[in-house]
Number of protein chains: 2
Amino acid sequence: MAKRADLSERREVFAAAALRVIMKSGVGGLTVREVSREAGFTTGALTHYFQSKDQLLIEASEYSARLMRPRMEKLARNASAIEALRKVVWEALPLTAKSRHLWRIWLGFWERSSYNPKVARVMRARYDEWRGRLSMLIRRASSEGQARVDLDPDQAAQELVALVDGIGVQVVLGVGRIPAARQRAMVDAWIGSIAQSRPNSLSKG
Amino acid sequence: MAKRADLSERREVFAAAALRVIMKSGVGGLTVREVSREAGFTTGALTHYFQSKDQLLIEASEYSARLMRPRMEKLARNASAIEALRKVVWEALPLTAKSRHLWRIWLGFWERSSYNPKVARVMRARYDEWRGRLSMLIRRASSEGQARVDLDPDQAAQELVALVDGIGVQVVLGVGRIPAARQRAMVDAWIGSIAQSRPNSLSKG
DNA sequence: CTTGCAACATAACAAACGTTATGGTCAGTT
DNA sequence: AACTGACCATAACGTTTGTTATGTTGCAAG
């Protein structure tokens with residue numbers, strides 16, 4: 001066994017290259033040759049680390065999730081649950097160029113996931129994590145008296161996920177105009193609708 | 001000039017076949033051979049009516065819009081502007097199997113529109129029409145005292161478009177669960193937020 | 001009745017694709 | 001020092017693609 005390069009490190013290099021190619025040409029326009037070139041290698045290297053193109057796509061999808069996760073987890077640790085929810089959702093919005101780039105990538109995976117079961121599985125896991133994160137924050141907000149208690153946290157989280165996706169589509173496709181301030185206002189309005197000015201303990205007493 | 005078949009009629013046959021293929025294999029998986037077979041012809045016939053695959057896709061996109069338009073226009077003629085808005089948006093939701101099929105098609109066009117300027121142009125026109133329809137109804141609701149007057153109709157319509165897209169994504173991708181009743185409730189909640197119980201004339205007086 | 005062109009089918013084409021095969025190089029083991 | 005296998009390049013393979021070329025047929029105008 002004569003190893004010179006770290007395996008998982010090389011795989012990340014190709015995954016990152018794949019994301020850059022997707023940004024340029026879309027998931028449908030992605031080719032193993034282009035990804036190899038983007039990574040600074042040739043197809044011989046890529047096939048050494050990935051059994052197939054599908055595997056590369058899945059790895060790329062997981063890598064894109066790893067890019068967001070740490071920031072999300074940090075923002076979720078905010079003392080106020082409602083404030084944490086605000087900041088977490090804001091982070092997901094297509095507010096910055098970098099965020100819009102990621103959105104462009106995710107959107108590229110959407111269609112592929114409709115016709116590729118493997119991609120669909122990864123995509124579902126991704127959304128489960130995202131919805132779960134929001135659900136947990138909403139639950140926390142309820143128990144801390146910052147949000148209504150007559151609320152199904154999972155259902156509320158599902159609504160919020162849909163809201164964010166809708167904004168993402170409009171902005172990334174460029175079919176609508178939703179400036180940053182408006183995006184945040186929409187999220188705040190939704191959070192305001194589940195928020196509760198009076199603490200839970202008082203309304204119970 | 002020996003014509004036997006109506007030109008625009010044949011083109012619609014191919015457009016409809018293209019939509020069926022997209023439902024099955026996605027826009028990325030669509031091939032001219034498959035569409036020809038689906039239409040009951042061969043590629044020779046298809047190329048006789050379409051200069052390129054892109055033209056076929058655009059025609060198919062426009063055809064899918066023509067499928068919705070009449071129903072939308074009929075529902076928009078409701079006496080009550082708010083009620084018309086409700087019914088029009090409900091019609092756009094992925095509530096029925098048929099509607100979900102159309103959503104699947106639209107979603108397929110999204111990525112392609114990111115990298116194909118021609119498709120992007122058509123897509124933008126489609127959303128302009130959709131947003132304009134909602135904007136008009138909201139404007140009507142305001143002037144009839146059914147909706148707040150301190151409202152930017154275009155901005156409100158943009159929000160509603162995003163909401164519907166978000167629901168569409170979640171349902172069609174199958175990454176979230178939003179039952180029909182919940183979809184309608186979400187729309188109603190949004191409309192409720194812009195609605196006004198007291199007529200405009202009173203609040204002005 | 002001839003003729004011309006629309007309306008298709010069939011076949012061929014070059015390009016691009018994912019994948020596989022082959023070969024070379026060099027670090028690390030024996 | 002010989003050897004081995006990880007690492008990567010290069011090339012080839014078979015398939016599929018959009019497009020073009022080349023028929024063939026049959027209605028309708030002249």
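Only this structure's heavy atoms are used, side chains among them; waters, hydrogens and symmetry mates stay out. Naming: A, B, ... by sequence-line order, numbering from 1 per chain.
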| said: Please classify the nucleic acid contact of B:Thr47 as base, sugar-phosphate, or nothing, using heavy-atom distances under 4.0 Å. | reply: base
| task | Have a look at A:Leu56 and say if it touches a base, only the backbone sugar-phosphate, or nothing, with a 4.0 Å heavy-atom cut-off. | result | nothing
| said: For the backbone of A:Leu95 and the side chain of A:Arg100, can you confirm whether one donor and one acceptor N or O come within less than 3.5 Å of each other? | reply: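 Yes, because the side chain of A:Arg100 sits within donor-acceptor range (under 3.5 Å) of the backbone of A:Leu95.
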How long is the line joining [atom1] of [X] and [atom2] of [N], in whole Å?
X	N	atom1	atom2	result
B:Arg10	C:dA7	CZ	P	8 Å
B:Asp6	D:dC27	CG	C1'	16 Å
A:Leu46	C:dG18	CG	P	10 Å

| field | Check: A:Trp110/B:Glu111 side-chain N/O donor and acceptor closer than 3.5 Å | value | no
| field | Under 3.5 Å side-chain donor-acceptor pair for B:Gln146 and B:Ser80 | value | yes
| Any ion pair linking A:Glu91 and A:Lys87 (charged N to carboxylate O, less than 4.0 Å)? | no
| query | Of all the nucleotides listed (C:dT10, D:dT10, D:dC7), which has the minimum atom distance to the side chain of A:Thr43? | reply | D:dT10
| Choosing from C:dC17, D:dC7, C:dA7, which nucleotide comes nearest the side chain of A:Tyr49? | D:dC7
| Take atom NZ in B:Lys53; do more than 12 heavy atoms of anything else shown fall under 6.0 Å from it? | yes
| note | Minimal heavy-atom distance between A:Met186 and B:Ala162, with the atoms involved, is CE-CB, 4.3 Å
| query | Counting only non-hydrogen atoms, which of residues 31-42 of chain B are less than 4.0 Å from DNA chain D? | reply | B:Thr31, B:Val32, B:Arg33
